[in-house]
Amino acid sequence: MSDNFLNSLNDSQKDAAIHIDGSLLILAGAGSGKTKTITTRLAYLISIGIDPSTILTLTFTNKAASEMRERAFRMIDPSMINTPPLLCTFHKFGLLFLKFHMSELGRKNSFIIIDNDDKKRILKSIDKEITTSLLVSEISKYKNTLITPSEAKSTAQLKLYQQIADIYEKYEAYLLKNNLVDFDDLLLLPYMILEKNEELAKETSQRYQYVMVDEYQDTNELQYKLLRKLCSTHNNICVVGDDDQSIYGWRGATIKNILNFSEHFEDTKVVKLEENYRSTNTILEHANQLIEHNRDRLGKKLIGTRKKGDSVRVYESHDENEETRKIIDDIKKLIASGESAKDIAILFRVNALSRSLEEGFNKAGISYRLIGGMKFYERAEIKDLIAYFRILTNTTDNFSLKRIINKPKRGIGKTTIDKLDAKSVELKKPIFTILEEYNADELSAIVGKKNSRTLKVFMASVMDLREALEESKMRFLDSFEDTFDYRASYDNVPDGFDRQANIDEFYGYIRDYFIQHPHLSLEDFLNEIALDSENSELTDQAVSMMSIHSSKGLEYKHLFIIGLEEGFFPITGDGSDIEEERRLGYVGITRAMDTLTMSFVHSRFYKGKRATLLKSRFLSEAGLIKGSLQLEKHSNYKKGDLVQHKIFGMGRVQKATKAGKDYKLTINFGGQRRDILSSFVEKI
DNA sequence: TCCTAGGCGCTTTTT
DNA sequence: GCGCCTAGGA
């Protein structure tokens, strides 16, 4: 096999790519060819004869995993590979491991993965007093730092934390009883197994001789410990990351992992990739200036390889409507000049800022794509179907059963569910089993005659479907809708049309899955999609808008960052970390390739109130608002603009002519026309 | 059991 | 401003 693919690397990239044994830390700045380097290394290891099946590459997102897979496989001759290297997310790896070794913990491997929404519902059902989001994050924190419920209980000082620890214990018991596994468990349980069974730990480490980790700055303590286990017999660990791009501290990622990598793993070789191939030098300069204000960093500077480029524009607007208008004007011009909409993106720190943008885009008739927000599998109708399928494959899943027992409505309310729940606890049997084993009379004694009959009819349908499923997956799918009329239950309800479209898509998707993977079961399908977060295709001819978090790893020729105001970006106050906010600023700026526009407003409507705002400190820290740059002080006015005057109130511009820095405006104030200079009015 | 009107409280988000 | 939850009446 030829190793020509090494030729397109620069010296540092090559140095990293051909490193074979021992620990390697690749500090890769934004746009420095990080993915290229790590995929080349993967291809290189294979090209020199290392068994691909002994190479494990871990990523955080499915998107990163598939991108790497594609790029690595382009470099290698597939005919030379018997078993492909394992390249997947941390969570997927955990899932695969648990499928094989769950029995080590005395649990069945027919467990079901719950998502955050399920987790919230469970926690809500355990406790209604403490904010669910606090419970979610605290319990996650416990799990990611390997603190058991009893440890949490014994160390809790405050009453609040004793309560939380208590809820944590109940939550864990609930998961165990229903054989559920949350996202944290996908990492925690494998670790516990490896900790318990030394022989298996050794074996597993031997099996994966070369371990690579992408976005290492985002790993948490648990992931680090898991990696230690995996590398315990060989120390062949190669991680890529950028301490300046660590933006997930709020969910337990610890920047210490990358800062202390050389102490954690022996004889570490460090390679820095500082040459940036993405952005103009001007953009990079501002990015460097901003990040230099952080103290907790390894210290690295992006070195440009491109030309100087356009200066970064700063937009000052009265409010979000004016801000939107300016950006839309610019985007129209860009598109008119031949730029493609997919090369343009708007970023914000807080998702709520997308609303005025969306309105503006709709009005202007520009197509856009809002990334993030509600995911396909998070939609209520899809989750209902998944719950149906889960209960059909796993009868111990009380949780899913309760979700769909009254969907579509069949008259089973909260009281009935509570009675069944109590009985389930009393008998230590899943609700499903009770419904199945009890005859109608026995069931009547628990829930009454009418409910008993309803539930028996329901169970008969479920049992029929279970049979159909055993016979043929396709036949099962055919009879599913006939049996429960789930889709039909959205006839003639508000937004029922959209929901039915989603349901159709889901039915279509699952059919397709079974055609493509005839040997896989419904259960396999359910596990597969539990880790799937379906990101719509990037090929759409639309302007993208998303949070800065979502933008990591992406790049756009023309970029707008809005909401540069204190309180919005950086978010200030309790629990916020200014250095992490700054890293976010850095991530945002470095997404831009050719042009960058940063925008702030004086006032914004947020959480039901209009707030007066100060411009973000990041603008001056990045060297963007000290004289040298043209600050857009004067808005453009045109016919049709709405304006506000101190005395005359609101009016609409009928005519606008430029007069020096200002505009001479003819304004219609409720029928009364007046000529007024633009400096005396404000745009709204 | 179901429906609807009003109160409340909110970062960031992948798996 | 919007979505989620709860209380109270049908």
Side-chain angles (χ1 to χ4, degrees), chain A residues 58-65 88-95 113-121 124 128 131-134 136-137 140 143-144 181-188 214-215 218-220 222-223 246-253 320 347-356 358-359 371-375 377-378 380 406 409-418 447-448 450-451 454 493 527-535 546-553 563 567-577 580-581 583-585 587-588 604-610:
Chain A
L58 296 171
T59 66
F60 278 84
T61 64
N62 291 310
K63 200 167 89 191
C88 63
T89 63
F90 268 98
H91 291 86
K92 179 81 183 232
F93 177 76
L95 170 65
I113 302 168
I114 56 165
D115 68 11
N116 266 354
D117 181 66
D118 299 331
K119 186 175 178 181
K120 278 186 198 153
R121 281 161 194 268
K124 193 115 231 171
K128 287 190 173 60
T131 333
T132 320
S133 62
L134 179 70
V136 168
S137 66
S140 202
K143 290 197 176 189
N144 286 318
V181 157
D182 68 16
F183 286 137
D184 297 323
D185 287 337
L186 288 175
L187 305 173
L188 176 61
D214 186 30
E215 305 279 15
D218 289 334
T219 49
N220 60 33
L222 178 55
Q223 282 158 333
S246 164
I247 55 175
Y248 285 103
W250 52 274
R251 64 167 207 228
E320 66 273 19
L347 306 184
F348 29 79
R349 171 70 177 89
V350 180
N351 274 323
L353 298 201
S354 72
R355 197 182 316 133
S356 60
E358 287 186 79
E359 268 171 41
I371 298 169
M374 184 62 99
K375 308 244 164 46
Y377 294 117
E378 287 170 3
N406 197 32
K409 292 196 171 55
R410 43 178 84 87
I412 304 298
K414 194 176 173 302
T415 330
T416 308
I417 293 174
D418 284 347
V447 297
K450 187 168 154 259
N451 287 332
T454 312
V493 293
N527 275 327
E528 182 86 21
I529 61 172
L531 295 180
D532 221 37
S533 71
E534 200 243 2
N535 257 325
M546 69 192 93
S547 71
I548 300 178
H549 282 93
S550 309
S551 75
K552 192 150 83 158
F568 279 98
F569 193 16
I571 285 172
T572 48
D574 260 12
S576 70
D577 171 353
E580 183 151 317
E581 294 293 315
R583 290 193 290 271
L584 265 169
V587 168
R604 220 178 255 293
F605 201 77
Y606 185 60
K607 289 186 191 171
K609 286 198 288 281
R610 184 156 285 286

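Order of the sequence lines fixes the chain letters, A, B, ..., with proteins taken first and strands second; residue numbering starts at 1 for each chain.
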Measure from the side chain of [X], starting at C-beta and using heavy atoms only, and say which of [options] lies closest.
X        : options                : value
A/Ile571 : B/dT15, C/dC2, B/dT11  : B/dT11
A/Lys124 : B/dT12, C/dC5, C/dG1   : C/dC5
A/Val350 : B/dT1, B/dT12, C/dG1   : B/dT12
A/Thr89  : B/dT15, B/dT1, B/dT13  : B/dT15
A/Asn351 : B/dT15, B/dT12, B/dC10 : B/dT12
A/Tyr606 : B/dT11, C/dG1, B/dT15  : B/dT11
A/His549 : B/dT13, B/dT1, B/dT15  : B/dT13
A/Ser550 : B/dT11, C/dG1, B/dT14  : B/dT14
A/Ser547 : B/dC10, B/dT11, B/dT13 : B/dT13

* Any chance you could measure A/Asp182, atom CG, to A/Leu187, atom CG, to the nearest 0.5 Å? => 9.5 Å
* Asked: Between A/Asn62 and B/dT15, is there a side-chain N or O to OP1/OP2 distance below 4.0 Å?
  -> yes
* Structure fact -> In terms of heavy-atom contacts, A/Val350 and A/Ile571 come closest through CG2-CD1, 3.9 Å
* For A/Phe60 and B/dT14, are the ring centres under 5.5 Å apart with planes inclined under 30°? -> no
* Between C1' of B/dT14 and CD of A/Gln223, the distance in whole Å -> 10 Å
* To do: Report the C-alpha separation of A/Thr59 and A/Glu215 in whole Å, then their side-chain angles, then the decisive distance to 0.1 Å, and conclude whether the side-chain contact (heavy atoms from CB on, under 4.5 Å) test is met.
  => CA-CA 7 Å; A/Thr59 66; A/Glu215 305 279 15; over 6 Å; no
